[in-house]
Amino acid sequence: MTITKEHLLKVYQDMVLIRRFEEVVEKYSKNGTIPGFIHLSIGQEAAQAGVIDTLKETDYKFPDHRGHGAIVLSSRPEDRKTIMAEIFGKKTGINGGRGGSMHINDLKVRNMGFNGIQGSTVVTSLGTAFASFYNHTDDVTVVFMGDGTLGEGTCHESMNMAATWKLPLIYVLINNQYAISTKYTESHPQEYLADWAKGYLVPSETIDGNDIEVVIESTQKAIERARKGEGPTLIEMMTYRWQGHFSGDPAAYRPQGELESWKEKCPIKQTKSKLMNIYGISELDLDLIQRKTEDEVEGYLQFSLASPWPSTDDATSWVYSDISVEGRK
Amino acid sequence: MTITKEHLLKVYQDMVLIRRFEEVVEKYSKNGTIPGFIHLSIGQEAAQAGVIDTLKETDYKFPDHRGHGAIVLSSRPEDRKTIMAEIFGKKTGINGGRGGSMHINDLKVRNMGFNGIQGSTVVTSLGTAFASFYNHTDDVTVVFMGDGTLGEGTCHESMNMAATWKLPLIYVLINNQYAISTKYTESHPQEYLADWAKGYLVPSETIDGNDIEVVIESTQKAIERARKGEGPTLIEMMTYRWQGHFSGDPAAYRPQGELESWKEKCPIKQTKSKLMNIYGISELDLDLIQRKTEDEVEGYLQFSLASPWPSTDDATSWVYSDISVEGRK
Amino acid sequence: MNRTITFAKAINEAIHQEMDRDEKVFIIGEDVAKMGGDFGITSGIWKKWPHRAFDTALSESAIIGLSCGAALCGLRPVAELMFADFIGVCYDQIVNNAAKLCYMFEGKASAQIVVRAVTGGGIRCAYHHSQCIEPWLMNIPGLVVVAPATPYEAKGLLVSAIRSNNPVIFLEHKGLYNKKGDVPEELYDLPLYESKVVRKGNDITLVAAMSMVDFALRAAEDLSKEGVSCEIINPLTLFPLDKETIINSVAKTGRLVIIQEGPKFMGYAAEIGSMVYEDIFEYLKAPMKRVTSLDTPMPFSPGLEDYVMPQYADVKKACSEVMSF
Amino acid sequence: MNRTITFAKAINEAIHQEMDRDEKVFIIGEDVAKMGGDFGITSGIWKKWPHRAFDTALSESAIIGLSCGAALCGLRPVAELMFADFIGVCYDQIVNNAAKLCYMFEGKASAQIVVRAVTGGGIRCAYHHSQCIEPWLMNIPGLVVVAPATPYEAKGLLVSAIRSNNPVIFLEHKGLYNKKGDVPEELYDLPLYESKVVRKGNDITLVAAMSMVDFALRAAEDLSKEGVSCEIINPLTLFPLDKETIINSVAKTGRLVIIQEGPKFMGYAAEIGSMVYEDIFEYLKAPMKRVTSLDTPMPFSPGLEDYVMPQYADVKKACSEVMSF
Ligand SMILES: Cc1ncc(C[n+]2csc(CCOP(=O)(O)OP(=O)(O)O)c2C)c(N)n1
Ligand SMILES: Cc1ncc(C[n+]2csc(CCOP(=O)(O)OP(=O)(O)O)c2C)c(N)n1
Ligand SMILES: [Mg+2]
Ligand SMILES: [Mg+2]
């Protein structure tokens with residue numbers, strides 16, 4: 001497959017947006033403005049942008065804990081500043097500042113949110129896929145999961161059920177080499193984690209997760225299968241997180257030179273050179289995209305910084321759908 | 001492989017013992033003398049007898065809920081009556097009547113007991129296998145599990161870890177076609193459940209679980225691999241339970257004729273005809289075994305019936321290893 | 001029209017009638033479809049709605065996870081856990097997923113699921129098939145725990161549970177399945193979050209749920225002969241608890257006896273006692289008494305199991321102690 | 001020799017010294033070996049004993065299951081759960097396996113494991129990384145739940161936990177890791193199942209554990225200026241609880257205030273309150289008060305999290321209420 005120049009340019013912009021978004025989040029996390037733990041996806045932009053690019057708004061999306069990119073790209077442009085505000089814990093956040101970086105959902109675009117317990121969304125996503133089947137709609141479900149997350153028992157229960165019932169569910173296994181400090185080869189017996197799916201007779205492949213064309217092509221195939229009622233697919237996308245596990249982790253467990261060699265394979269850089277060398281787009285044009293994106297994200301940042309904190313009443317609302325919970329007296 | 005005449009005769013006796021034991025348990029369960037639920041293994045004797053036959057006393061054994069056969073054969077002959085007494089809930093039971101049919105353990109022979117939560121022993125058994133590895137002994141661990149039990153997430157976590165660390169663990173997957181009312185093909189995507197292990201690059205095979213020679217041969221191979229440090233194996237043993245899920249279940253979910261066709265494949269009948277036709281053992285000799293076994297089991301029964309009930313103090317002992325728990329005042 | 005039917009049948013009828021009314025309702029679980037459930041509670045449903053009844057693998061986390069996801073899409077899953085003890089293998093899905101989704105989605109969606117689970121002791125099934133798991137769930141904001149004692153309550157409360165947008169753990173005590181009672185044939189619902197005053201009285205407040213209500217009724221009868229008048233309260237929704245009804249009753253009687261199956265330590269009797277001690281201390285006339293199971297795993301042998309379960313004699317003893325204090 | 005070290009270091013030292021003493025002890029968990037733990041608590045162990053420190057996959061059920069099985073073989077696993085909230089995914093292994101093995105094996109073997117888990121709120125990690133899971137475990141006979149408040153207690157209690165033949169859930173409050181205190185360099189142990197009287201007093205009994213002990217100390221200090229004398233009790237072993245020390249104290253003071261992180265409803269403060277109400281009613285002078293978290297999931301935004309957590313102002317208020325009753 002080759003995608004069109006316009007298409008490649010569009011996903012290039014998407015990746016630049018993720019990168020910039022994460023850079024800003026990183027800065028304000030490191031300087032203490034953003035509370036809590038932040039898991040950055042710098043280096044993994046192609047996997048996120050490529051997958052989201054192939055989905056329609058009514059497809060169900062389950063981002064993972066390193067999912068800012070997928071979340072931002074799933075959202076409507078006018079909502080993006082509220083995603084950053086959420087990460088800052090502000091009242092204007094898309095979830096009222098109540099969830100923060102790890103818990104951002106947006107029903108409008110069927111971003112179904114993340115659950116801080118690894119492997120949890122892997123079974124929740126069965127339910128949205130099931131709903132498509134129950135309601136006879138053609139919406140597919142995509143769940144993002146990490147190489148480490150594959151250790152959880154829920155992965156088995158999910159894959160077993162999805163395969164048996166041929167649910168329209170796509171497992172996007174982002175293999176960024178590590179679960180915190182543990183290399184995937186130390187915690188799994190397979191050389192290619194995609195092989196795991198074979199035990200369930202589920203089609204799977206291991207792809208270069210830094211090549212956005214490959215990501216798009218592979219995801220499209222999986223989505224087609226799912227929409228035709230042929231069941232789940234697992235795609236292992238090989239990539240790398242440039243930062244530590246969370247923003248601030250020195251990542252001392254990485255062998256020397258590993259990061260640098262992966263930086264060579266930067267998905268944005270790769271696409272940029274394709275755009276320039278194959279499609280003849282000028283560096284100037286690409287710089288313009290960069291600058292526009294920076295301005296855009298600067299807007300999110302200013303919005304977030306200027307936004308108010310939630311009021312304490314917000315802590316006790318919606319524990320239940322119908323009855324209220326006492327606050328402090 | 002062919003096993004010797006003496007060996008085949010020995011395991012024939014083993015199977016006859018299981019069958020008789022279960023028949024007596026069934027009778028006293030149906031007439032209300034044995035409390036609680038009973039899961040009978042009639043029809044599955046070859047799988048139990050063949051596996052236990054290949055193990056030494058210091059190998060770790062995790063029977064399943066349908067495990068009377070494996071439990072009795074693992075035990076020392078002098079203890080067998082206490083196993084039946086346990087099922088009757090008597091003070092003389094091997095666990096003081098406290099566990100009953102589903103919870104019989106015997107540390108002397110490394111019968112590590114069953115846990116009523118399906119899939120639980122599948123991870124506990126990692127620990128005994130790990131202990132062999134940690135202590136550098138050559139004891140292997142065998143865990144029995146059903147086709148239904150394979151649905152539990154623990155199976156994945158166990159297989160993943162055992163395969164990664166090459167633990168000496170053998171998964172004996174007794175495929176008796178059903179989990180309660182659910183046919184294995186309705187809850188799993190594979191035609192051969194053994195294929196599941198391939199996802200972990202773990203050797204596996206599907207065998208005729210009613211042919212005790214095949215069971216022994218396959219188990220021996222797996223044990224050899226395990227003792228050599230080559231890691232886990234999964235063996236799917238195809239068989240059938242003649243009774244319903246629990247004693248009393250009418251098993252209305254079974255298609256007409258299915259039970260009858262499996263009765264044709266009765267493991268005891270098969271072995272009997274081999275002993276007679278290939279090894280020239282007389283029907284009289286085999287009848288003698290049958291009668292001796294009946295007497296033997298009658299002894300267990302009388303012991304069980306005559307035994308006293310536990311005293312109420314037994315309810316509160318050993319909740320903790322060191323401190324006591326209050327009884328009624 | 002009222003008829004006398006069993007507790008089991010009442011549950012079955014509630015599901016039938018709600019499925020009739022709302023096509024978003026479906027059932028899912030191990031052996032719930034073709035077989036109609038391990039205890040036969042869902043019988044007839046698969047036959048009527050073959051595409052709305054789902055037998056699953058032994059995958060409780062997937063059952064609850066799927067239910068949560070489907071609920072977020074607007075469906076109304078009624079999942080069966082078979083034995084409540086199995087909640088351990090899907091506990092995360094209940095406490096960290098179902099319980100928190102409404103909060104996480106700010107009420108725009110929620111885990112509008114029902115998890116039916118068979119609870120309690122008495123049938124000689126030992127450690128893993130006899131537990132009272134109520135307390136494992138009652139410290140988890142977002143969950144609802146419902147525990148009927150009669151067929152009438154079972155039907156009406158299950159209907160409300162299915163219609164609720166909250167995740168409801170619906171506890172069915174195995175000792176009650178064959179219990180009979182009057183139940184209207186028509187569809188009706190009963191309010192969640194409301195305790196029931198089962199019997200009015202002035203001297204002692206007896207709190208009891210599920211099969212313990214029978215103990216309370218028996219004790220009230222026995223004590224009335226001695227001139228002691230018991231008020232019996234069945235919380236029905238154990239969590240979130242209707243505090244007021246209990247508080248009002250104890251404010252009147254000044255005496256509290258709680259009969260609770262399950263280990264004493266950290267059982268829900270503890271919360272009820274503390275609630276009263278904290279809120280209406282000035283009305284209390286005597287120490288509270290708890291009649292509970294012993295703090296042990298559940299043994300198999302009948303005599304042992306009976307010994308571990310709450311004793312009627314202890315109910316009587318507790319009542320005379322609080323009266324003579 | 002006494003030195004001042006952190007709570008984190010005290011835990012690290014306990015494991016080191018016990019591993020030195022007993023080769024049956026090993027550590028297992030996610031990132032506990034090469035990295036030395038997500039919070040750095042097990043650092044240096046893998047370097048010293050590369051064959052006794054095991055990094056695992058994200059498989060908490062397997063971690064606990066393996067630990068139980070290894071314990072039955074006589075080993076002494078010290079497992080790390082990272083965040084205590086993750087107990088949900090291995091809850092069955094804890095409550096239905098670890099907790100019951102001693103009973104099932106009639107004391108001939110048991111789940112002699114330690115499960116270290118980081119508990120509590122305060123670091124803006126929202127729903128699934130901030131919970132107080134103590135109550136989820138305290139209704140399960142067979143389990144031991146230990147919760148130190150100082151580096152000294154952490155070291156001594158962890159040593160005892162490792163040596164215990166019972167399954168011990170060892171709770172490490174994330175807010176305490178950097179707390180410093182005097183700790184002997186030598187190996188020592190502290191008794192399980194014994195509450196500690198942190199401060200003697202006559203007017204109010206304050207019960208507090210883990211990071212709440214600081215609130216209690218501060219309140220006692222403040223109140224002493226007003227002539228009110230507080231006795232502070234830290235249970236240390238939350239379950240099974242040393243009832244006597246608390247009962248004796250409240251029998252003396254007649255007044256009880258419990259400071260507990262985590263939702264109020266069915267928190268362990270409920271059990272402590274009921275215990276007192278049941279056993280020493282005649283000594284009580286005022287209603288018990290509970291100062292707790294709100295009954296909500298834990299929100300992320302700092303102001304929200306702070307609001308949900310127990311408030312010092314409420315401790316003061318509770319104390320004056322019980323004094324002026
Ligand atoms: C059940 C559970 N166990 C452990 C954790 C802690 N944890 C959070 S992320 C993570 C590593 C996940 O690795 P992977 O799935 O590869 O994703 P990555 O961080 O590499 O993107 C761990 C262990 C958790 N959140 N939930
Ligand atoms: C976690 C859990 N879920 C469900 C059950 C109830 N249950 C007991 S046995 C069984 C079927 C098991 O089927 P299989 O593993 O095939 O064994 P079989 O009974 O056929 O021997 C079920 C569902 C259980 N005990 N534990
Ligand atoms: Mg990873
Ligand atoms: Mg089966």
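Each chain gets a letter, A, B and so on, in the order its sequence line appears, and its residues count up from 1. Predicted, not measured: the structure shown is a model, and the values here were computed from it.
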Please tell me whether A:Phe144 and A:Phe62 form a close aromatic pair, meaning their ring centres lie under 6.0 Å apart.
no
For A:Ile104, is it the side chain, the backbone, both, or neither that has a heavy atom closer than 4.5 Å to a heavy atom of chain C?
neither
Given heavy-atom pairs under 4.5 angstrom as the criterion, report whether the side chain, backbone, both or neither of A:Tyr320 touches chain C.
both
If you tally heavy-atom pairs under 4.5 Å between each of C:Leu143, C:Leu101, C:Leu192 and chain A, the highest tally belongs to C:Leu143
So, the part of A:Phe114 with a heavy atom under 4.5 Å from chain C: the answer is backbone
Contact winner vs chain C - A:Ile117, A:Thr154, A:Leu167, A:Asn160, heavy-atom pairs under 4.5 Å:
A:Ile117
Partner chain C: residue of A:Ala315, A:Ser125, A:Ala162 with the largest heavy-atom pair count (under 4.5 Å)
A:Ala315
Toward chain C, the part of A:Met161 with a non-hydrogen atom under 4.5 Å
side chain
Quick one: what part of C:Gln112 sits under 4.5 Å from any heavy atom of chain A, side chain, backbone, both or neither?
neither
C:Asp85 and C:Gln131: side chain donor to acceptor below 3.5 Å
yes
Taking every non-hydrogen pair under 4.5 Å, which of C:Gln93, C:Lys24, C:Lys108 racks up the most with chain A?
C:Gln93
Quick check on A:Ile94 against chain C: is it the side chain, the backbone, both or neither that has a heavy atom closer than 4.5 Å?
backbone
Please look at C:Glu106 and chain A and tell me whether the side chain, the backbone, both or neither of the residue comes under 4.5 angstrom of a heavy atom of that chain.
both
So what's closer than 4.5 Å to chain C heavy atoms on A:Ser317: side chain, backbone, both or neither?
backbone
Is the distance from the ring center of C:Phe26 to that of A:Phe130 below 6.0 Å?
yes
Where do C:Asp242 and C:Ser195 come nearest, in terms of heavy atoms and distance?
OD2-N, 2.8 Å
Apply salt bridge (Lys or Arg N to Asp or Glu O under 4.0 Å) to the pair A:Glu224 and A:Arg227, showing each step before the final yes or no.
CA-CA 5 Å; A:Glu224 243 166 73; A:Arg227 293 210 211 278; over 6 Å; no
Whatever's closer than 4.5 Å to a heavy atom in chain A on C:Asn96 counts as both
Let me know if C:Ile28 has heavy atoms under 4.5 Å from chain A in its side chain, its backbone, both or neither.
side chain
Answer with side chain, backbone, both or neither: which region of A:Asn95 has an atom nearer than 4.5 Å to a non-hydrogen atom of chain C?
both
I'd like to verify something: which residue of A:Val325, A:Ile323, A:Asp314 has the highest number of heavy-atom pairs under 4.5 Å with chain C?
A:Ile323
Can you tell which of C:Ser110, C:Pro167, C:Cys68, C:Pro141 has the highest number of heavy-atom pairs within less than 4.5 Å of chain A?
C:Pro141
Less than 6.0 Å separating the ring centroids of A:His156 and A:Trp196?
no
We want to know whether C:His16 and C:Asn12 form a side-chain donor-acceptor pair, criterion being a heavy-atom distance below 3.5 angstrom.
yes
Check each atom of C:Lys100 against the heavy atoms of chain A and say whether the ones under 4.5 Å are side chain, backbone, both or neither.
neither
Strictly by modelled atom types, are A:Thr149 and A:Gln118 linked by a side-chain donor-acceptor pair under 3.5 Å?
yes
A:Asn135, part contacting chain C, at a heavy-atom distance under 4.5 Å:
side chain
Strictly under 6.0 Å, is that where the ring centroids of A:Trp165 and C:Phe54 end up?
yes
Please determine, among A:Arg98, A:Met112, A:Arg110, A:His103, the option with the most heavy-atom pairs under 4.5 Å with chain C.
A:Arg98
Please confirm whether the ring centroid of C:Phe83 lies under 6.0 Å from the ring centroid of C:Phe86.
yes
